[in-house]
Amino acid sequence: MAYETILTETRGKVGLITLNRPQALNAINSGLTRDVLAALQAFEADTTIGCIVITGSEKAFAAGADIKEMQSRSFVQSYLDDFFAEWDAMLRVRKPIIAAVSGYALGGGCELAMACDFIIASDTAKFGQPEITLGVMPGMGGSQRLTRFVGKSKAMDMCLTGRMMDAAEAERSGLVSRVVPAGELLEEALKAADKIASFSLPAVMMNKEAVNRSYEVSLSEGLRFERRVFHSMFALEDQKEGMSAFSEKRKPSFNNR
Ligand code: CO8
């Protein structure tokens, strides 16, 4: 499929999506929304792919929703279209998605990164929810996900003042899983993705599902869910292979069954 606002490629078992609207610092317009969601669905359906990476440019992961496209919207249009609800499709992607963030991840850009399963940041990354400076608020999950990542105090600070958080603060606060030197960002993200893709895909997907469940349910329900999924994993050929390989002191060869 031909995309206008992103580049896609496969690197072994990893699907790579590069946001590519340099003239607008990868601002998220309707075309980019359509393209990213289609690419995610294509990688999800591709049985050779075990992990997906979304990245941007050195200067910007994405500088937010496209303000110029949004500015003349009306309430009725936004309500009837359920503006930005199409991003809910990202939650249905069951393979892991890593955000590799360099430069600005602002507004919808920060929200897109947070909708991924984890964020690897370059030391130049800057995160923020500056919607307040435009007379609005986060609309793609920022007020909810940022609060879960960094806690109420910092989330309030970011949403109410619109200030940016640098990579070191983002790592300290639990927003990103690791920070790497700018020149090594893609390599490190692809290395992590490649590692994930080398494991049993059903086991990877069940791990993702269980961690995500912890955001939605009580601890006791989450523990019950984890235990049930854990029990079911003994039906996997890959569980037999993984544990046999350990006992036999050899590398496992998973076949996603
Ligand atoms: N939308 C549209 N165009 C943008 C955006 C954007 N978010 N960000 C940058 N651009 C454009 C600029 O207009 C400029 O275009 P041009 O050359 O034609 O003037 C080009 O990208 C380069 O940008 P700058 O010249 O501004 O570059 P600087 O290096 O000087 O500054 C900044 C970089 C600080 C990132 C600056 O561009 C900036 O502040 N951008 C806006 C950041 C922002 O406010 N983002 C939040 C947007 S709102 C949002 O995301 C809400 C999401 C949820 C909404 C849901 C509603 C239901």
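None of the values given here were measured: they were computed from a predicted structure. Throughout, numbering of the chain's residues begins at 1 and tracks the sequence. Atoms within a ligand are numbered from 1 in the order they appear, just like the ligands themselves.
Side-chain atoms of S247 come within 3.5 Å of backbone atoms of M243 as a donor-acceptor pair (strictly under, hydrogens ignored).
For the residue pair T55 / T18, no side-chain donor-acceptor distance below 3.5 Å is found, with atom types taken as modelled. Residues E69 and S30 bring a donor and an acceptor atom of their side chains to less than 3.5 Å of each other.
Heavy-atom neighbours of E184 CD from other residues, nucleotides or ligands within 6.0 Å: above the threshold of 12. Counting heavy atoms of neighbouring residues, nucleotides and ligands inside a 6.0 Å radius, atom CZ of R163 exceeds 12 of them.
Contact annotation for atom 33 (C) of ligand 1: protein present (non-hydrogen atoms, distance under 4.0 Å). Inside a 4.0 Å radius of atom 1 (N) of ligand 1 there is at least one protein heavy atom. There is no protein heavy atom less than 4.0 angstrom from atom 26 (O) of ligand 1. For atom 15 (O) of ligand 1, a protein non-hydrogen atom is found at a distance below 4.0 Å. Within a 4.0 Å radius of atom 18 (O) of ligand 1, the protein has at least one heavy atom.
For the pair R73 and F83, the cation sits on the ring face: its NZ or CZ lies under 6.0 Å from the ring centre, inside 45° of the axis.
Short contacts between ligand 1 and E111, defined as distances under 4.0 Å to a heavy atom of the residue, involve ligand atoms 52 (C), 53 (C). Near K59, meaning under 4.0 Å from any of its heavy atoms, are these atoms of ligand 1: 27 (O), 28 (P), 29 (O). Under a 4.0 Å criterion applied to the non-hydrogen atoms of P130, ligand 1 contributes the atoms 43 (C), 44 (O), 45 (N), 46 (C). The atoms of ligand 1 that sit less than 4.0 Å from any heavy atom of Q23 are 15 (O), 20 (C), 21 (O). For ligand 1 and L134, the ligand atoms under 4.0 Å from any heavy atom of the residue are 44 (O), 47 (C), 48 (S). Of all atoms in ligand 1, numbered sequentially from 1 with element shown, those under 4.0 Å from a heavy atom of L106 are 35 (C), 42 (C). Every atom of ligand 1 with a heavy atom of E131 under 4.0 Å away is listed here by number and element: 48 (S), 49 (C), 50 (O), 51 (C), 52 (C).
Residue-to-ligand polar distances keep F84 apart from ligand 1: every N/O pair is separated by 3.5 Å or more. The shortest N or O to N or O distance between M140 and ligand 1 is not under 3.5 Å. At under 3.5 Å, a nitrogen or oxygen of A65, whether backbone or side chain, sits near a nitrogen or oxygen of ligand 1. Among the atoms of K68, some N or O lies under 3.5 angstrom from an N or O of ligand 1. Considering both main-chain and side-chain atoms, I67 comes within under 3.5 Å of ligand 1 through a nitrogen or oxygen pair.
Atom 57 (C) of ligand 1 has F83 CD2, 3.3 Å as its closest protein atom, hydrogens excluded (heavy atom only). Ranking the protein heavy atoms by distance from atom 45 (N) of ligand 1 puts A63 O, 3.0 Å first. Protein heavy atom at the shortest distance from atom 10 (N) of ligand 1 is A24 O, 3.8 Å. Taking atom 36 (C) of ligand 1 as the reference point, the nearest protein heavy-atom neighbour is L25 CD1, 4.7 Å. The closest protein non-hydrogen atom to atom 53 (C) of ligand 1 is G139 N, 3.4 Å.
A salt bridge links K154 with E169: the closest approach of a Lys/Arg side-chain nitrogen to an acidic carboxylate oxygen falls below 4.0 angstrom.
Considering L106, I119, D166 as possible partners of F127, the one that fulfils the side-chain contact (heavy atoms from CB on, under 4.5 Å) test is I119.
Here F254 is tied into one hydrophobic group with V14, L16, V53, I98, F118, I120, V180, L185, L186, L190, I196, F199, V204, each link being a pair of ILVMFWY side chains closer than 4.5 Å.
Smallest separation of non-hydrogen atoms from F84 and A65: CZ-CB, 3.5 Å.
The ring of F234 has its center closer than 6.0 angstrom to the ring center of F230.
Between R257 and L236 the shortest side-chain heavy-atom distance does not fall below 4.5 Å.
Applying the side chain to side chain donor-acceptor pair (under 3.5 Å) test to residues at least two apart or on different chains, the pairs with a partner in residues 34-43 are T5-D35.
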